[in-house]
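Taking it in order: structure first as structure tokens, then the write-up.
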Amino acid sequence: MAYSVVFGNASSLQTEQCSQESVEENLFFSSFYGIVFVLAFVGNTLAVWVFSCDKNSNTTTNIYLMHLAVADLSYVLILPMRMVYHLSQNHWPFGEVPCRITGFLFYLNMYASIFFLTCISTDRFLAIVYPVKSMRIRKPLYANVICIVLWVVIVVGVAPMLGAPQTLRMDNTTTMCLQLYREKTSSFALVPLTVGFVIPFVITVTCYLLIIRSLRTGNRIEKHLKDKAIKMIILVLTIFLICFVPYHINRYVYILSASAAHSTCKGRKVIALSNRITSCLTSLNSCLDPVVYFFVGEKFRERFCHFVCGHRKRAQSVSHETKTNESSLSGKSEL
């Protein structure tokens, strides 16, 4: 059952009025989510199909990429509801349960993506910096176990929101979904925010800095492979900087401002707008991840070229460029 502010305190209604989206904002966000839905659905569906059908590419990297694609697809499926919400001028017509699921899948995708990107960076670090020593631990079985553990931890971490009411009835015609930019929060939320983002982000950056240092000082890998590895590193760090860093910086401000004793209507408007924009940016992750699959997953690159270009020879030539001998398997073949 939706909360009602009709008989609630006036401050809640005033806060909501200060954070209302404009018609122009709703049009922009609905269009944005529509574009993201098309691109992300096609890219991640293709990725899941490639990784699930090709039994010969059961490498640690491809396992992490497969789970990353599944996480993205779980989020992409709720984007049409976000589009309807904005097209309906901030009215949530789907009821309580879909609102809870929308919030659940939003956080599930975001933190699953962060942790799987961290797994990929750690895997790349071991493969390039310790190519021989890491072969004993870089096994598909271990990667699958890690993925299962991560899914369980993330689901348990975000599951509590499924048990709490998340809709707010403003009047007889408008219902708000609190999981769309209006999440209830407290200062305690800073703890999971740090564990879910800061620690994985530091690990990812550290791994890639060490990879760059190893590539710059070593001479066992060809220059074009080094260049490709560095481009992939830049891409993953760009995903973090565009999709996740702004959101989590804003979340810190949002949480601290929510516990502030006094705040002006103008200040609440600024925070509400930044919350919507940074939440919107997180959805770009689902579009950019397929680009990571293209750089890191050799089989995905082959199938993508064949799917888009219709020329298998071209895909094979791209694949041949990255194939190397077994003595430097980890350092080369999965860059």
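Values reported hereafter were calculated over all heavy atoms of this structure, with side chains retained and with hydrogens, waters and symmetry mates removed.
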Checklist entry - So which heavy atom on Pro98 is nearest to which on Phe94, and how close? => result CG-O, 3.2 Å
Checklist entry - Below 6.0 angstrom between ring centroids: does that apply to Tyr130 and Phe125? => result yes
Item to check | For the student: nearest non-hydrogen atoms of His86 and Ser30, plus distance | outcome: CB-CB, 3.9 Å
Next on the checklist: Between Asn250 and Pro246 (side chain of the first, backbone of the second, donor and acceptor by atom type, cut-off under 3.5 Å), is there such a pair?
Outcome noted: no
Next on the checklist: In this structure, would Val236 and Ile242 fall into the same cluster of hydrophobic residues linked by side-chain contacts under 4.5 Å?
Outcome noted: yes
Checklist entry - Quick check: does any side chain N or O of Ser279 sit under 3.5 Å from a backbone N or O of Arg276, one acting as donor and the other as acceptor? => result no
Checklist entry - Less than 6.0 Å separating the ring centroids of Phe240 and Phe201? => result yes
Next on the checklist: Tell me the closest heavy-atom pair linking Met176 and Trp92, and the distance in Å.
Outcome noted: C-CB, 4.3 Å
Item to check | Expected output: side-chain Ser134 to main-chain Leu126 donor-acceptor under 3.5 Å | outcome: yes
Checklist outcome for this item: Distance col, row Cys177:SG vs Leu168:CG, nearest 0.5 angstrom, shows 10.0 Å
Checklist entry - Taking the SG atom of each, are Cys147 and Cys119 under 2.5 Å apart? => result no
Checklist entry - Atom CG of Asp72 and atom CG of Leu288: how far apart are they, to the nearest 0.5 Å? => result 9.5 Å
Checklist entry - Does the ring centre of Trp151 sit less than 6.0 Å away from the ring centre of Phe115? => result no
Item to check | Same cluster (ILVMFWY, side-chain, under 4.5 Å), Leu235 and Leu117 | outcome: yes
Checklist entry - Taking Ser52 for the side chain and Trp49 for the main chain, is one N or O donor matched with an acceptor at less than 3.5 Å? => result yes
Checklist entry - When the ring centroid of Tyr111 is compared with that of His248, is the distance short of 6.0 Å? => result yes
Checklist entry - Mind checking whether Val205 and Leu210 sit in one hydrophobic cluster, side chains of I, L, V, M, F, W, Y counted as touching below 4.5 Å? => result yes
Checklist entry - Between the main-chain N or O of Ala71 and the side-chain N or O of Asn109, is there a donor-acceptor pair closer than 3.5 Å? => result yes
Item to check | Minimum-distance pair of heavy atoms, taken over all atoms of Ala47 and Ala69 | outcome: CB-CB, 4.0 Å
Checklist outcome for this item: Distance col, row Ile154:CD1 vs Ile114:CD1, nearest 0.5 angstrom, shows 9.0 Å
Checklist entry - Backbone N or O of Thr175 within a donor-acceptor pair of the His91 side chain at under 3.5 Å? => result yes
Next on the checklist: If we ignore hydrogens and angles and just use 3.5 Å, is the side chain of Ser121 paired with the main-chain N or O of Thr118 as donor and acceptor?
Outcome noted: yes
